[in-house]
Amino acid sequence: MDIALVTDELSADPQTAIELGLEWGVRHFELRGYFADRVPFLSGYQHQRLKRLVRDHGVEITAVSPGLFKMPFSEKTYPTSNLTWMDSGFFERWSSLQAELERHVTDLLPASIDFALEYGAKYLISFSFHRAGHDGGVPPEGVIETLQQAAEKVEAAGLELLIETEEGFWADTGQRSGALISAVRSPALGINWDPANSFCEGDVPYPEGYSHLHQYVRNVHFKDARRLSNGSTEFVENGEIDWDGQIQALVRDGYKGAITVEPHLEPRVPAVRRSLARLKIMIESAEAGEKSSY
């Protein structure tokens with residue numbers, strides 16, 4: 001398996017992120033932010049500069065994360081009220097979401113596909129729509145239909161669409177995320193497995209969550225979290241997730257994708273450096289243990 005870095009976890013400037021990553025022995029990167037902008041919508045200068053960086057340094061782009069479908073899902077109709085002022089508010093919120101969904105489908109998705117192809121990335125990371133207060137479980141049929149259509153477009157381009165597990169979204173816990181992928185039934189749809197995000201939803205990511213989606217995992221985000229006494233969660237360098245067990249399972253399962261460092265911590269450089277060192281030790285230990293079992 002490969003170790004990768006999300007560039008903007010290390011620096012908002014991809015040049016700094018790539019140069020530091022190379023210094024630390026990392027040649028695989030996931031693209032997301034570029035200063036205040038997010039791929040694929042970069043300026044002409046940002047675009048040519050980024051292409052030059054990737055080419056000149058000979059690095060590999062594992063995935064791009066444009067924030068696709070990171071929004072509440074808009075139903076085909078909106079709730080109504082006999083009170084005009086309330087009915088108007090319902091309509092305006094619904095109309096705004098409809099327009100945003102249209103933008104994602106007709107603008108963001110094709111631009112992201114083109115961007116991924118240009119940079120040689122195999123995976124396009126997506127989200128599964130925010131539940132907007134709805135209980136987790138079976139998502140609206142429109143969510144399934146939209147992801148099916150997106151997966152078809154991504155597959156036609158020779159790429160794979162990866163749904164990231166995320167707190168508050170329809171793909172949140174391992175079980176519900178695996179069920180969602182199964183319901184969509186597309187060979188071009190997989191999972192961007194983020195155990196920390198699932199932990200924040202209340203999941204036990206490993207072994208329980210992973211057992212429901214291991215066959216769909218194509219990319220992994222590495223960060224840790226802990227639960228506080230008031231029930232809330234926070235990201236930390238060393239938390240409650242059984243990362244040793246998770247990585248051992250990935251090695252046993254023959255996982256060949258990337259584990260991508262994404263600590264979500266400040267200050268960025270030391271947080272990424274320490275997370276990277278921790279990840280390397282765990283991978284080496286897991287691989288050594290697997291070899292010794294033969």
Side-chain angles (χ1 to χ4, degrees), residues 1-68 70 108 111-126 157-162 164 192-194 196-197 218-224 235 237 243 247 250 255-284:
M1 66 183 73
D2 297 312
I3 294 177
L5 300 176
V6 183
T7 54
D8 63 351
E9 287 286 330
L10 185 52
S11 173
D13 177 9
Q15 179 171 353
T16 301
I18 288 173
E19 288 179 355
L20 282 173
L22 288 169
E23 187 174 310
W24 299 338
V26 177
R27 305 197 65 84
H28 297 78
F29 297 88
E30 180 180 313
L31 297 178
R32 184 175 59 193
Y34 193 140
F35 288 106
D37 299 309
R38 186 166 186 167
V39 300
F41 298 126
L42 306 179
S43 71
Y45 173 68
Q46 288 174 322
H47 197 51
Q48 69 87 24
R49 182 170 178 261
L50 184 57
K51 284 194 294 185
R52 188 173 68 238
L53 280 169
V54 171
R55 181 194 66 229
D56 291 352
H57 289 295
V59 298
E60 182 174 334
I61 304 304
T62 57
V64 296
S65 179
L68 185 66
K70 197 168 188 178
L108 181 57
S112 299
I113 290 173
D114 290 343
F115 186 93
L117 289 172
E118 186 166 4
Y119 284 86
K122 182 180 180 180
Y123 300 126
L124 178 60
I125 295 175
S126 174
L159 305 174
E160 291 186 55
L161 187 67
L162 304 187
E164 180 165 343
N192 182 71
W193 178 222
D194 193 315
N197 287 350
R218 302 291 181 268
N219 197 54
V220 177
H221 278 176
F222 179 74
K223 60 177 177 280
D224 214 333
F235 297 126
E237 286 189 21
W243 271 111
I247 292 173
L250 290 169
Y255 176 70
K256 301 300 183 184
I259 301 182
T260 306
V261 175
E262 188 208 29
H264 279 2
L265 297 172
E266 298 278 357
R268 297 183 190 185
V269 173
V272 171
R273 185 175 60 240
R274 288 193 292 265
S275 293
L276 177 62
R278 181 186 177 210
L279 176 59
K280 286 180 176 179
I281 290 171
M282 286 192 288
I283 291 176
E284 290 170 1

So, taking the atom named [atom1] in [X] and the one named [atom2] in [Y], what distance separates them when rounded to the nearest 0.5 Å?
X	Y	atom1	atom2	answer
L50	T7	CG	OG1	7.5 Å
L279	I247	CG	CD1	5.0 Å
R27	I18	CZ	CD1	10.5 Å
E237	R278	CD	CZ	8.5 Å

Determine whether [X] and [Y] make a side-chain contact, defined as any pair of heavy atoms from C-beta on separated by less than 4.5 Å.
X	Y	answer
V64	I125	no
I259	L250	yes
L108	P40	yes

For R32, which residues count as a side-chain hydrogen bond (donor to acceptor under 3.5 Å, both in side chains) partner, sequence neighbours excluded?
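So R32 forms a side-chain hydrogen bond (donor to acceptor under 3.5 Å, both in side chains) with D8, E9, E262.
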Could you point out which residue of V6, V59, T260 forms a side-chain contact (heavy atoms from CB on, under 4.5 Å) with F29?
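Among the candidates, only V59 passes.
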List for me each residue that meets side chain to side chain contact (heavy atoms under 4.5 Å, CB included) alongside [X], sequence neighbours excluded, and say none if there are none.
X	answer
A277	none
Q46	Y34, D37, L42, S43
F35	A12, D13
I281	none

Polar side-chain atom of Y255 near backbone of R218 as donor-acceptor pair, under 3.5 Å
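Flag set: sc Y255 to bb R218 pair under 3.5 Å.
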Over all heavy atoms of both residues, which pair between V261 and S275 is shortest? Give the atoms and the distance, please.
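The answer is CG1-CB, 3.8 Å.
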Quick check: closest heavy atoms across Y119 and K51, and the distance to 0.1 Å?
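Closest pair (atom of Y119, atom of K51, distance): OH-CG, 3.1 Å.
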Pairs in or reaching into residues 54-63: which pass side-chain hydrogen bond (donor to acceptor under 3.5 Å, both in side chains), with residues at least two apart or in two chains?
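Found H28-E60.
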